[in-house]
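Notes for the one structure printed next.
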Amino acid sequence: MTRQPDPAGRCGAEHCVTCADEGVAMRVSSLDAASGLGVCVGEDGRPATVETGLVAGLVAGDTVLVHAGVALVRVAPQEAAA
C-alpha cells in the first residue's frame with residue numbers, strides 16, 4: 001500500500017500530521033492488568049495512560065512503541081535508544 005499525495009498539503013515528508021503516522025518509544029511505569037491500561041513515560045518525562053492489551057507479558061521497565069495511545073510492540077533496549 002502506498003500513501004497517496006495529500007492535495008491539502010497537510011502531510012510532511014516524514015509523517016502525516018493529520019493522523020500522526022509515527023510511533024513513540026515509551027517506558028512502562030506501571031500496569032493495571034484488570035483494565036489493560038498502563039502508565040508509560042516518554043522521553044520528555046511526561047506520563048501518559050496507554051492501552052497495553054495488545055502486548056502480552058509486559059512488566060514495569062519494558063519499553064513499548066506507542067501510537068495513538070496504544071502500545072503496539074515491545075521494543076528491545078538498543079532499538080528504543082535509536
Side-chain angles (χ1 to χ4, degrees):
M1 177 178 200
T2 60
R3 181 180 292 171
Q4 298 298 313
D6 176 20
R10 294 178 303 225
C11 294
E14 298 300 317
H15 69 280
C16 180
V17 296
T18 302
C19 69
D21 187 23
E22 65 181 36
V24 177
M26 299 184 85
R27 183 184 46 79
V28 178
S29 177
S30 64
L31 294 163
D32 179 0
S35 69
L37 298 175
V39 175
C40 296
V41 179
E43 194 173 276
D44 61 3
R46 297 167 111 180
T49 301
V50 173
E51 169 61 50
T52 60
L54 293 178
V55 185
L58 283 179
V59 296
D62 281 346
T63 300
V64 291
L65 188 62
V66 176
H67 173 69
V70 178
L72 300 174
V73 65
R74 182 181 295 106
V75 180
Q78 63 272 20
E79 293 176 37

Practice problem: Quick one: pull up CG in L65 and SG in C40 and give me the separation to the nearest 0.5 Å. | Solution: 11.0 Å
Quiz item: Going from CD on E51 to CG on L37, what distance comes out if it is rounded to the nearest 0.5 angstrom?
Solution: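 Spacing of CD (E51) from CG (L37) equals 5.5 Å.
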Exercise. Return yes if some donor-acceptor pair links the side-chain N/O of R74 with the main-chain N/O of A56 below 3.5 Å, else return no.
Key: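 Yes, R74 side chain to A56 backbone: donor-acceptor pair under 3.5 Å.
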Quiz item: Just by distance, do the side chain of T52 and the backbone of G36 share a donor-acceptor pair under 3.5 Å?
Solution: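 Flag set: sc T52 to bb G36 pair under 3.5 Å.
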Is there a path of hydrophobic side-chain contacts, each under 4.5 Å between heavy atoms of I, L, V, M, F, W or Y residues, that connects [X] with [Y]?
{"X": "V64", "Y": "L31", "answer": "yes"}
{"X": "V28", "Y": "V75", "answer": "no"}
{"X": "L72", "Y": "V39", "answer": "no"}

For the residue pair [X] and [Y], what are the closest heavy atoms and their distance?
{"X": "V50", "Y": "A71", "value": "CG1-N, 3.5 Å"}
{"X": "S29", "Y": "A60", "value": "O-CB, 3.5 Å"}
{"X": "V55", "Y": "V73", "value": "CG2-N, 3.6 Å"}
{"X": "R46", "Y": "M26", "value": "O-CE, 4.4 Å"}

